[in-house]
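One structure below.
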There are 2 protein chains.
Amino acid sequence: MASYTEENYLKALYNLANPQGEVSISDLANSLNVSMPTANSMVKGLQKSDLVLYEKYKPVTLTPKGKKEAALVVRKHRLTEMFLVKKMGFGWEEVHEVAEQIEHIHAPKFFERMDEMLGHPTIDPHGSPIPDNQGRMQEFSYVPLSTCKPGQSVQLTALTNSSTEFLEFLNSRKLALGTELRILSREAYDLSVVVSYDSHAQETLSEKVSERLLVRILE
Amino acid sequence: MASYTEENYLKALYNLANPQGEVSISDLANSLNVSMPTANSMVKGLQKSDLVLYEKYKPVTLTPKGKKEAALVVRKHRLTEMFLVKKMGFGWEEVHEVAEQIEHIHAPKFFERMDEMLGHPTIDPHGSPIPDNQGRMQEFSYVPLSTCKPGQSVQLTALTNSSTEFLEFLNSRKLALGTELRILSREAYDLSVVVSYDSHAQETLSEKVSERLLVRILE
DNA sequence: CAAATTTGTTAGAATGATCTAACATATTAC
DNA sequence: GTAATATGTTAGATCATTCTAACAAATTTG
């Protein structure tokens, strides 16, 4: 069984994977705040346990076994976030650190009960999909707000970044998952997007923000 | 801040302490399923952090600082057990293993919310007291079993006499500190008390014995 | 394409938590 | 009050996870 540390490596590999499923040693080291030699030697260990594929000077890939283990950790993380928000009155911006710890608890029944109490949710409070108990993830077709055109109506469904600062920014603008936006215009000079929603008749979102907001196109 | 492992040592010392607060290295090692040299070297480390008092060949004692840290871990453990039973539908017999893990989570708000949702409980599902958020344990007033009334549930908590014979008598009846007793009846002619506990459906304790058993009334 | 930069690897060491073997001290029992 | 037993300590090793320093390969850039 993977250690606490190994679980964190698996999760990072899962989250950092490019469309080919590859992660560089430097991205891995960076994301876990460890040195490259550390990441390198841990990857060799994960390879011995058949959790990753790895060749010198090549990027790392999760094996099916590693991917499933990683997905189950992610499942525990996202179920926990949902539980904290829906059942324990936490704000969505403050659940990440706690979930980072609880995701390593080994107690299937604990997470099964969360799942039942939440009615088997498929997305977490930030709109990220929750893998099922076999580690399978449902597919979504989200697009970044930055790729949408004026005149379109879209619904905010997920985020590519869940940093506290970003969530606090969204709170300050009363933007939440599920909010419906109408795209008024896109400024050519700085690529910012002007939208209206609810009581906000006109709100300008910078390119940086609009790239991180994933939306479902309504019309 | 104490590591996961150190927290387990502190908790064991807290739970194993005799009335003088002392714990032998062998009891400590035994309770944690580690070798004596391991316990010995960990204790030296805890001493460096001012969490225990220790002299070669002498029993170990928690410092006030160590005792407070230990009590806060115990608090998290017992609050968690209560939460699992009352809010998540667990049976009281299956919560221990999960609580052993969750007690090490560092997230004050998580446990504060549990505490609020449970209405600030003072005992856990097994009848053990829950230390407050300053690590203080409520004091219980012990009464002799001989003064209790039929129908009451009590927990054996202390003895007025610790002679070998008395302890051996208690051992022979599988009576230990912490055992919960239900008082079935009191015989008028010899003042003996009939109790049930664990697998002992019915056990008669003489007046002499029941005067020497100090119990905490549970209900 | 050669130089500069980035990325990755090896070697060697440190720390925390654990072990076994061997020895020392305390306690118990005759 | 010795001898036997139980308890405690030291020394030395191992394993997981981490580091820095030095070197090697791959990629980017002029």
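All values reported here derive from a predicted model rather than from experimental measurement. In what follows, every chain begins at residue 1, and chains take the letters A, B, ... in the order their sequences are listed. Values reported hereafter were calculated over all heavy atoms of this structure, with side chains retained and with hydrogens, waters and symmetry mates removed.
Spacing between atom OH of A:Tyr4 and atom C1' of D:dT18 amounts to 16 Å, rounded to whole angstrom units. Between the NZ atom of B:Lys58 and the C1' atom of C:dA26 there is a distance of 12 Å, given to the nearest Å. Atom CD of A:Glu55 and atom P of D:dA25 are 16 Å apart (whole Å). The separation between A:Met42 atom CE and D:dC15 atom C1' is 12 Å, rounded to whole Å. Here C:dG16 presents its P atom at 12 Å from CG of B:Leu46, a figure rounded to the nearest Å. In this structure, CG of A:Leu28 is placed 13 Å from C1' of C:dT7, rounded to the nearest angstrom. The nearest whole Å value for the distance from the CD atom in B:Glu22 to the P atom in D:dG8 is 12 Å. Whole-Å rounding puts the A:Asn30 CG to C:dG8 P distance at 11 Å.
Classification of B:Glu97 and A:Lys109 as a salt-bridged pair fails, no side-chain N sitting under 4.0 Å from a carboxylate O. The pair B:Glu69-B:Lys11 does not count as a salt bridge, with every side-chain nitrogen at least 4.0 angstrom from each carboxylate oxygen.
Out of C:dA17, C:dT10, D:dG8, the shortest distance to the side chain of B:Tyr54 is found at D:dG8. For B:Tyr57, counting side-chain heavy atoms from C-beta on, the closest listed nucleotide (C:dT25, C:dG8, D:dT18) is C:dT25. Of the candidates C:dC19, D:dT17, C:dT10, the closest approach to any side-chain atom of A:Lys44 belongs to C:dT10. Nearest to the side chain of B:Met36, among D:dG8, C:dG8, D:dT18, sits D:dG8. The side chain of B:Ile25 has D:dG8 as its nearest neighbour among D:dT17, D:dG8, C:dC19. With C:dT9, C:dC19, D:dT7 as the candidates, the nucleotide lying closest to the side chain of B:Ser26 is D:dT7. Nearest nucleotide to the side chain of B:Asn40, out of D:dT9, D:dT18, C:dT18: D:dT9.
Counting non-hydrogen atoms under 4.0 angstrom, B:Ser41 reaches a base of the nucleic acid. Within 4.0 Å (heavy atoms only), A:Thr5 reaches sugar-phosphate atoms of the nucleic acid but no base atom.
Look at A:Tyr9 and you won't find any side-chain N or O under 4.0 angstrom from OP1 or OP2 of D:dA16. The side chain of B:Lys56 places an N or O atom within less than 4.0 Å of a non-bridging phosphate oxygen (OP1 or OP2) of D:dT10. The shortest distance between the side-chain N/O atoms of A:Ser35 and the OP1/OP2 oxygens of D:dT18 is not below 4.0 Å. Side-chain N/O atoms of A:Ser24 include none lying less than 4.0 angstrom from OP1 or OP2 on C:dT7.
Separation of atoms CE (A:Met114) and CG (A:Leu84) is listed at 6.5 Å; rounding is to 0.5 Å.
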field: Evaluation steps, salt bridge (Lys or Arg N to Asp or Glu O under 4.0 Å), between A:Glu81 and A:Arg78
entry: CA-CA 5 Å; A:Glu81 290 196 338; A:Arg78 294 185 179 163; over 6 Å; no
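The two residues B:His200 and B:Arg173 have their closest heavy-atom pair at CE1-O, 3.3 Å.
By the 30° and 60° cut-offs, the orientation of the rings of B:Phe90 relative to A:Phe110 is tilted.
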